[in-house]
S.K.: 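Here's a structure for you.
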Amino acid sequence: AYQEQLQKKFEENQRALAQAEKERQEQLAKAQAEQEEKSFVTAIGDSVLLGAAHALREEMPDCVINAKESRQVTEGLEIIREMEQNKSLGDTVVIALGTNGPFTLAEGQEIINALSGREIYWVTVYGDYLQWQDEVNQNIYTLQERNPQMQIIDWASEVAYHGEWLYEDGIHPNPQGEVYYASLIADSVKDDVEENTEEAVEGNTEGNMEENTAESVEENTEEVIQQ
């Protein structure tokens with residue numbers, strides 16, 4: 001019975017994410033026309049993230065979520081390139097991949113390299129019977145040691161003692177677990193989002209001040225010439 005409930009949730013969340021992206025693209029076009037800059041978070045993941053997508057958007061309404069069932073880490077690179085092209089890649093990127101199979105350090109590093117200049121968070125994986133869990137999480141920790149711009153969101157440690165947060169498959173968060181999963185991600189990236197937003201505001205303010213100063217100089221120069 002839980003499989004039907006979970007599948008229904010996947011389908012509903014997938015439709016909701018598609019609609020949210022459509023609306024975001026419309027807002028982006030409007031913002032570009034008005035020359036506004038806004039910091040946001042992008043989350044890329046598999047069915048664990050997909051199931052918790054609604055809860056995460058409750059925590060972070062501006063978060064752009066790209067999640068799909070059975071997604072492998074090796075698919076992440078192409079997704080990142082596509083999202084960068086359509087301007088869906090935020091200043092902060094959360095990677096929630098690894099549940100569906102192991103990956104090499106080289107494959108993980110390719111993803112990190114593709115996100116150069118951004119703050120990166122990688123969510124550890126968990127499953128009661130997930131045979132590659134330790135291998136995947138060890139690679140995530142090794143990547144973090146090698147890349148100072150990357151931080152870890154340790155879902156595995158949080159959920160390990162809370163079986164009541166998961167469906168019977170021991171992997172996907174149930175409604176209660178989704179709230180904790182989403183809160184963990186949101187709390188982890190909150191400081192970076194606030195910092196990036198402040199920098200964007202300061203940058204716009206400085207730009208406006210420079211523009212106003214230039215206009216003032218021009219006006220004064222014209223007045224002197226006329227005199």
Side-chain angles (χ1 to χ4, degrees), residues 1-18 20 41-73 75-76 79 90 92-103 108 111 119-144 150-193:
Y2 84 89
Q3 291 99 327
E4 293 179 3
Q5 181 183 354
L6 193 54
Q7 189 60 44
K8 182 179 179 182
K9 179 175 292 185
F10 287 159
E11 293 170 358
E12 290 175 350
N13 284 354
Q14 200 79 72
R15 287 193 295 270
L17 291 180
V41 178
T42 295
I44 300 170
D46 49 39
S47 59
V48 176
L49 178 64
L50 178 58
H54 178 74
L56 185 56
R57 284 184 61 80
E58 287 286 320
E59 290 278 350
M60 297 190 298
D62 293 329
C63 182
V64 178
I65 303 172
N66 187 318
K68 186 178 180 181
E69 293 176 71
S70 304
R71 181 174 279 169
Q72 298 281 346
V73 171
E75 299 175 60
I79 293 163
T92 301
V93 180
V94 177
I95 302 295
L97 294 169
T99 303
N100 293 301
F103 63 94
I111 287 179
E119 294 293 331
I120 306 165
Y121 292 80
W122 203 312
V123 185
T124 57
V125 303
Y126 180 84
D128 288 342
Y129 312 103
L130 200 63
Q131 61 188 25
W132 46 76
Q133 174 183 314
D134 291 343
E135 179 184 353
V136 166
N137 289 342
Q138 182 56 56
N139 280 351
I140 292 173
Y141 274 95
T142 300
L143 287 169
Q144 192 274 329
M150 173 184 156
Q151 299 183 56
I152 291 173
I153 299 177
D154 198 1
W155 168 244
S157 293
E158 290 290 326
V159 72
Y161 301 101
H162 292 281
E164 72 275 12
W165 291 356
L166 303 174
Y167 280 108
E168 293 172 28
D169 64 2
I171 295 175
H172 295 93
N174 57 28
Q176 181 184 6
E178 289 163 9
V179 173
Y180 285 100
Y181 182 86
S183 295
L184 181 64
I185 292 176
D187 290 345
S188 297
V189 306
K190 183 179 179 182
D191 290 341
D192 276 337
V193 174

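When a residue number appears, it is its place in the shown sequence, counting from 1. Predicted, not measured: the structure shown is a model, and the values here were computed from it.
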S.K.: Could you go through the side-chain hydrogen bond (donor to acceptor under 3.5 Å, both in side chains) check for E69 and Q14 one step at a time?
M.R.: CA-CA 10 Å; E69 293 176 71; Q14 200 79 72; over 6 Å; no

S.K.: Using a 4.5 Å cut-off on heavy atoms from C-beta on, say whether the side chain of V125 contacts that of N137.
M.R.: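 The answer is yes, as the side chains (C-beta and beyond) meet within the 4.5 Å cut-off.
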
S.K.: Quick check: closest heavy atoms across G101 and V136, and the distance to 0.1 Å?
M.R.: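 Smallest interatomic distance, heavy atoms only, reads O-CG2, 3.9 Å.
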
S.K.: Name the residue from F10, W165, Y2 that meets the ring pair (Phe, Tyr, Trp, His ring centres under 6.0 Å) definition with H172.
M.R.: F10

S.K.: Would you compute the distance between atom NZ of K9 and atom OG of S47 and round it to the nearest 0.5 angstrom?
M.R.: 12.0 Å

S.K.: Would you please test L143 and M150 for side chain to side chain contact (heavy atoms under 4.5 Å, CB included) and show each step?
M.R.: CA-CA 8 Å; L143 287 169; M150 173 184 156; 3.9 Å; yes

S.K.: Do D154 and Y141 pass the side-chain hydrogen bond (donor to acceptor under 3.5 Å, both in side chains) test, and can you show the C-alpha distance, the side-chain angles, and the key distance before you say yes or no?
M.R.: CA-CA 10 Å; D154 198 1; Y141 274 95; 3.1 Å; yes

S.K.: What is the minimum heavy-atom distance between W155 and Y181, and which atoms define it?
M.R.: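 Minimum heavy-atom contact is CD2-CD1, 3.5 Å.
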
S.K.: Do L50 and L17 make a side-chain contact, defined as non-hydrogen atoms from C-beta onward lying under 4.5 Å apart?
M.R.: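 Side-chain contact under 4.5 Å: yes.
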
S.K.: Could you give all pairs that pass the side chain to side chain donor-acceptor pair (under 3.5 Å) test and reach residues 48-58, with sequence neighbours left out?
M.R.: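 Checked against side chain to side chain donor-acceptor pair (under 3.5 Å) - neighbours excluded - no pair reaches residues 48-58.
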
S.K.: Could you tell me if the side chain of F103 sits less than 4.5 Å from the side chain of L97, heavy atoms only?
M.R.: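 A side-chain contact is absent here, since even the closest heavy-atom pair is not under 4.5 Å.
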
S.K.: Of all heavy-atom pairs between Y167 and P173, which one has the smallest distance, and what is that distance?
M.R.: CE1-O, 3.2 Å

S.K.: Rounded at 0.5 Å granularity, tell me how far CD in Q131 sits from CD in Q133.
M.R.: 11.5 Å

S.K.: So which atom in G127 and which in I171 form the shortest heavy-atom distance, rounded to 0.1 Å?
M.R.: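 Of all heavy-atom pairs spanning G127 and I171, the closest is CA-CG1, 3.8 Å.
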
S.K.: Does Y180 OH have over 12 foreign heavy atoms under 6.0 Å away?
M.R.: no

S.K.: Check L130 against T99 and note the closest heavy-atom contact, atom names and distance.
M.R.: CD1-O, 3.4 Å

S.K.: Taking the side chain as every heavy atom from C-beta outward, state whether L6 and D169 have any pair of such atoms under 4.5 Å apart.
M.R.: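 Of all side-chain heavy-atom pairs linking D169 with L6, at least one is under 4.5 Å.
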
S.K.: Are there more than 12 heavy atoms of other residues, nucleotides or ligands under 6.0 Å from atom CD of E4?
M.R.: no

S.K.: Could you check if a side-chain atom of M60 sits within less than 4.5 angstrom of a side-chain atom of I65, using non-hydrogen atoms only?
M.R.: no

S.K.: What distance separates Q144 CD from N139 CG, expressed to the nearest 0.5 Å?
M.R.: 13.5 Å

S.K.: Using a 3.5 Å distance criterion without hydrogens, assess whether the side chain of D46 forms a donor-acceptor pair with backbone atoms of K68.
M.R.: no

S.K.: Answer yes or no: is there a donor N or O on one side and an acceptor on the other, between the side chain of Q138 and the main chain of E135, under 3.5 Å?
M.R.: no

S.K.: Mind checking the NZ-OG1 spacing from K190 to T92? Nearest 0.5 Å is all I need.
M.R.: 14.0 Å

S.K.: Side chains of E168 and Q3: does their closest heavy-atom pair fall under 4.5 Å?
M.R.: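 A side-chain contact under 4.5 Å is absent here.
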
S.K.: Could you report the tightest heavy-atom contact between I140 and T124, atom names first, then the distance?
M.R.: CD1-CA, 4.0 Å

S.K.: Return the CG to CD distance between N174 and E164, rounded to the nearest 0.5 Å.
M.R.: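 Rounded to the nearest 0.5 Å, the CG-CD separation comes to 8.5 Å.
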
S.K.: With rounding to the nearest 0.5 angstrom, report the CD1 to CD1 distance, I95 to I152.
M.R.: 13.0 Å

S.K.: Given V41 and Y121, is the side chain to side chain contact (heavy atoms under 4.5 Å, CB included) satisfied, shown in steps?
M.R.: CA-CA 10 Å; V41 178; Y121 292 80; over 6 Å; no

S.K.: Output, in order, the C-alpha distance, side-chain angles, deciding distance and verdict of side chain to side chain contact (heavy atoms under 4.5 Å, CB included) for N66 and R71.
M.R.: CA-CA 11 Å; N66 187 318; R71 181 174 279 169; 2.9 Å; yes

